[in-house]
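Below: the structure, in structure tokens.
Given the structure is predicted, the values throughout are model-derived calculations rather than measurements. Chain naming here is simple, since letters A, B, ... match the order of the sequence lines and numbering starts at 1 in each.
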Protein chains: 2
Amino acid sequence: MAAKRPSNPLALAVLTLLHERPMHPYEISTTLKERRKEESIKLNYGSLYSVVESLQKRGLIEAQETTREGKRPERTVYTITDTGRTTMIEWLGELLGTPAKEYPQFEAALSLMPALPVDNVIRLLEQRLERLRAEYEYGSGLMRETAKMGLPRLFAIEHEYELALRAAEIEFVQNLLAELRSGTFDGVDMWRRMYELRAAGKSHEEIESTLADEFKEVHAWLTETNADDGG
Amino acid sequence: MAAKRPSNPLALAVLTLLHERPMHPYEISTTLKERRKEESIKLNYGSLYSVVESLQKRGLIEAQETTREGKRPERTVYTITDTGRTTMIEWLGELLGTPAKEYPQFEAALSLMPALPVDNVIRLLEQRLERLRAEYEYGSGLMRETAKMGLPRLFAIEHEYELALRAAEIEFVQNLLAELRSGTFDGVDMWRRMYELRAAGKSHEEIESTLADEFKEVHAWLTETNADDGG
DNA sequence: AGTGAATTACTCTGATTAGAGTATTAGTGT
DNA sequence: ACACTAATACTCTAATCAGAGTAATTCACT
């Protein structure tokens, strides 16, 4: 059975726009761009048209009329249905009211970090920090500008959120870097030792057992199949 | 032409594990679960097997042997190739060194916020705040526990990052809520007025023009087709 | 009046992904 | 010895997405 609604937030954007007034897909896309919503909601034509089709199939929107000017492609104007309105309110409510599990790429990268040598990672994090700062500057510059132009914060609040996240990431990376550099980060010694052994041409097994020896309690944790889940 | 590498971070996780030692897909999945990496990298069987296939097609990993015990399904053990190693190092380097554009759901929701009435949004944000705090407590509890068990921070740093982001979001939502409640948030007056007019049964056009009248500079910004892009 | 760039408005194809479904074996209790 | 649950190890299908491609029209400029 088809799910009650699509999962792509672009579909929610479509619903909110059609809630304002009927539009055709292309107008939806230009409106989203005008309002800079495509910076917060991934927009591309392929997805837009398939999302519109999927909304229609589920009865959340309806084709109102199909017009054509000259020999241009047809424009199909869509309206939101009552179910569509309800769904939009529900969905947006959920997104605002309930934190969703997300998988940021940097989180994935951090979780795999030990696959690169420490000094390498330090260099990369320095690079990241630089870029994060540049992005932060750029973003806050944009915000000041739009504020000066008289756009109420209401219509750009999502950018403030983005900046807040960036700021938090900057702080995090700064702290991490400091600890990696100073060597106070818990685990760097083991990490360095591992690459030392690898450089010395030891086999995976030799490295494993040497580390197991030199860092007993850690190794115990790493090799036990099931950590106690509590409860 | 096929891209140099898959885009799913799960594929990177596969590469790093095969970089440690050869494994079969199912073992990859259990290892990721054991190490709690599936909390940072979305893992499901369908994706895992197709990602493995895709890595093989691109020559980043190779099937080493196919064994079978009794009548159980075959286990295909894969090894990483030299190209695979290089790609892994490159890819992980990029993820660590370069901030990626992401589209968090909450950012999307914020950008569509005016589609719900103010008081509604306030209630929802209160709910979110509560849940965020609960998650934060839970997460930092887990971290303290694993620290006590002797796991070096190195192997759980991604969770610290997640917590840092959560903390930032908590602060952001707190501030936003305070401003919405006190009415000092730039744009709330217009926002409230809009729903007032809607409740009074005005048409979309009437609302538009009334708001245009009462909030001149804002409306100008909203209706101009092309904001000056500078340059 | 003719050229080229930009805009309008989609369509198509190939990847990717999610999630349920399948089939065998091992372990646990009665 | 039998049933039941968990674990092992994938397979399949439908949905979704991304990005390039297409084709007509308008506008700016010479």
Provide, to the nearest angstrom, the distance between the CD atom belonging to A:E38 and the P atom belonging to D:dA18.
14 Å

Rounding to a whole Å, what distance do you find between B:I41:CD1 and C:dA18:P?
13 Å

Checking D:dC17, C:dT17, C:dT8 against the side chain of A:N8 (C-beta onward), the nearest is D:dC17

Taking OP1 and OP2 of D:dT8, is either one under 4.0 Å from a side-chain nitrogen or oxygen of B:H24?
no

When the ring planes of A:Y45 and A:Y49 are compared, do they come out parallel, tilted or perpendicular, using 30° and 60° as the limits?
tilted

So does B:S47 get a side-chain nitrogen or oxygen closer than 4.0 Å to the phosphate oxygens (OP1/OP2) of C:dA18?
yes

When rounded to whole Å, the CG to P distance for the pair A:L48 and D:dG19 reads 15 Å

Phosphate contact (C:dT17 OP1 or OP2) by B:K42 side-chain N/O below 4.0 Å
no

Charged N to carboxylate O under 4.0 angstrom, B:E20 versus B:R35?
yes

Check the distance between C:dG14's C1' and B:R58's CZ and give it to me in whole angstrom.
12 Å

Sequence neighbours left out, what passes salt bridge (charged side-chain N to carboxylate O under 4.0 Å, His left out) with B:E158? Give chain and number order.
B:K37

Where the side chain of A:V51 is concerned, which of D:dC17, C:dT16, D:dT8 is the nearest nucleotide?
D:dC17

Please classify the nucleic acid contact of A:S29 as base, sugar-phosphate, or nothing, using heavy-atom distances under 4.0 Å.
nothing

Looking at residues at least two apart in the chain, or sitting in another chain, which of them share a salt bridge (charged side-chain N to carboxylate O under 4.0 Å, His left out) with B:R128?
B:E169

Shortest side-chain distance from B:S54, nucleotide among C:dT16, C:dC10, D:dC17
C:dT16

Here the distance between atom P of D:dA15 and atom CG of A:L55, to the nearest Å, is 15 Å

Closest to the A:Y49 side chain: D:dC17, C:dC10, C:dT17?
C:dC10

Nucleotide C:dT17, atom P - distance to CG of B:L10 in whole Å
8 Å

A:N44 has its side chain closest, among D:dG19, D:dA9, C:dT17, to D:dG19

When you measure from the side chain of A:S54 to the backbone of A:S50, do you find a donor-acceptor pair of N or O atoms at a distance under 3.5 Å?
no

Nearest to the side chain of B:R75, which nucleotide is it out of D:dC10, C:dT17, C:dA9?
D:dC10

B:L43 CG to C:dG19 C1', in whole Å, measures 12 Å

Find the distance B:E53:CD to C:dA15:C1' and express it as a whole number of Å.
12 Å

Side-chain atoms of B:Y45 come closest, of C:dT17, D:dA7, D:dT11, to D:dT11

